[in-house]
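Accompanying notes for the structure given below.
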Amino acid sequence: MAGPIAEPSERSSNHPPVLSIHGLRKSFGSRHALQGVSFDLKAGERLAFLGPNGAGKTTLIRCLCGRCTPDAGTIQLLDRPIDDLGVRQAIGLVPQEIAIYPDLTTRENLTVFAKFHGLRRDALVQRVDWALRWTGLQDRASELVGGFSGGMKRRVNLACGVMHSPQVLLLDEPTVGVDPQSREKIFTMLDQLNQQGTSILLTTHHLDEAESRSDRIVIMDQGQVVADGTIGDLVRKSVGPSRMVKLRLDRPLEQAISLLPDDDGWSNNDGECVATVGQREIRLRIGDVAQQLPELLRRVKECGYDIADVEVHAPSLHHVFLHLTGRELRE
Ligand SMILES: Nc1ncnc2c1ncn2[C@@H]1O[C@H](COP(=O)(O)OP(=O)(O)OP(=O)(O)O)[C@@H](O)[C@H]1O
Ligand SMILES: [Mg+2]
């Protein structure tokens, strides 16, 4: 599946880190879930954390929010060790499993979580009202959440994690099992928080989400960070400048033609050139699109064909992921 490279926003690239993780290790018996994980989350950033099943994503999130004690490594939050008194209050957590009370109403759930986080009186009432507006559930405020749809429960779950206005929000697969419309709503809600200054780290198995809804991507595999950068960075460092090119000719190919200076007219090094006599379409991978595309077009014209259309397929995050991990996201 080829998709466009969307260069994510550079807006947060120069900001200081709100969260710095260095050399984090965690083993469960002989299973090494985290094997020296290091990365930063910058202020105002939306960071997507990707990795195959068992890569260590949930273990990492659990270490960050104090549900699991790392064996080694450091975690700094807002320039202070995360274990310092009160520091962790700057973190909000939205766990993968929906963790709300089905026998309470939306308003009651929000109130309980706000109280857990120390909100009282006017501040509490105002925050609950805000959360009802933010989730779009004002008209369902007095209904028991047990009867809600999956997408609505997810929204309540999300709101419960941010009642204390955390500066850093951690979300473990916030859209797993969610229909596309609810996914969209959840990302709109996250973008609103982000615009108000919340830094966001989320794990996801949806490559399209990571590609379009984050500023930076960290890919983990077998407890280690294997890539860290914008989608543009990752493509450059892994797949490189090669691109799949599709040419549509004015008429069917009459005979084999030599397409690039060093090829025999039929296939490139990857054997990916498809140019069949009798067909109007030629597909091939070229090693350096900026250098070689003009040459390719010139040769086709030299052979007496006009070019009706040219498509250049940029590698997607899917290509990068496969290249780096050798595996699909879900196996
Ligand atoms: N409490 C635990 N006890 C034993 N092993 C554990 C525990 N928690 C995690 N692991 C192991 O650590 C490894 C990493 O698991 P983790 O849940 O962090 O992966 P993940 O990247 O979140 O995977 P998924 O994409 O499936 O959610 C796995 O091999 C898992 O079996
Ligand atoms: Mg997980």
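Since the model is a prediction, treat every value here as computed from it, not as a measurement. For ligands, and for the atoms within them, numbers begin at 1 and follow the listed sequence. We number each residue from 1, following the sequence as shown.
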Mind checking whether M220 has a heavy atom under 4.0 Å from ligand 1? no

Using a strict 4.0 Å cut-off to heavy atoms of A55, name the atoms of ligand 1 that fall inside it. 19 (O), 20 (P), 21 (O)

Just do the side chain to side chain donor-acceptor pair (under 3.5 Å) check on S242 and R285 with the steps written out, would you? CA-CA 7 Å; S242 83; R285 178 171 293 280; 3.1 Å; yes

Is there a nitrogen or oxygen of F28 sitting under 3.5 Å from a nitrogen or oxygen of ligand 1? no

Identify whether the distance between the nearest side-chain nitrogen and carboxylate oxygen of E302 and R299 falls below 4.0 Å. no

Just to verify, what does P180 make a side-chain contact (heavy atoms from CB on, under 4.5 Å) with, not counting sequence neighbours? none

Which value, rounded to the nearest 0.5 Å, describes the distance between E45 atom CD and R216 atom CZ? 4.0 Å

So which heavy atom on L78 is nearest to which on A90, and how close? CD1-CB, 3.6 Å

Check this for me: does any side-chain nitrogen of one of D172 and K57 sit under 4.0 Å from a carboxylate oxygen of the other? no

Ignoring angles and geometry beyond distance, decide whether Q96 reaches within less than 3.5 Å of ligand 1 through its nitrogen or oxygen atoms. no

Applying a heavy-atom cut-off of 4.0 Å, say which part of R31 lies close to ligand 1: side chain, backbone, both or neither. side chain

Just jot down the ligand 1 atoms closer than 4.0 angstrom to any heavy atom of T59, in number order. 9 (C), 14 (C), 15 (O), 16 (P), 18 (O)

Does the pair E184/R213 count as a salt bridge with the N-to-O cut at 4.0 Å? yes

Under 30°, 30 to 60°, or over 60°: which ring-plane class applies to H164 and H117, parallel, tilted or perpendicular? parallel

Is R88 salt-bridged to D83, cutoff N-O under 4.0 Å? yes

Closest to atom 14 (C) of ligand 1 (heavy atoms only, candidates S30, G54, G223) is G54

Those atoms of ligand 1 less than 4.0 Å from some heavy atom in H205: 25 (O)

Less than 4.0 Å between a side-chain N and a carboxylate O, is that true for R46 and D191? yes

Residue and atom, protein N/O/S, under 2.8 Å of the Mg ion (ligand 2): T58 OG1

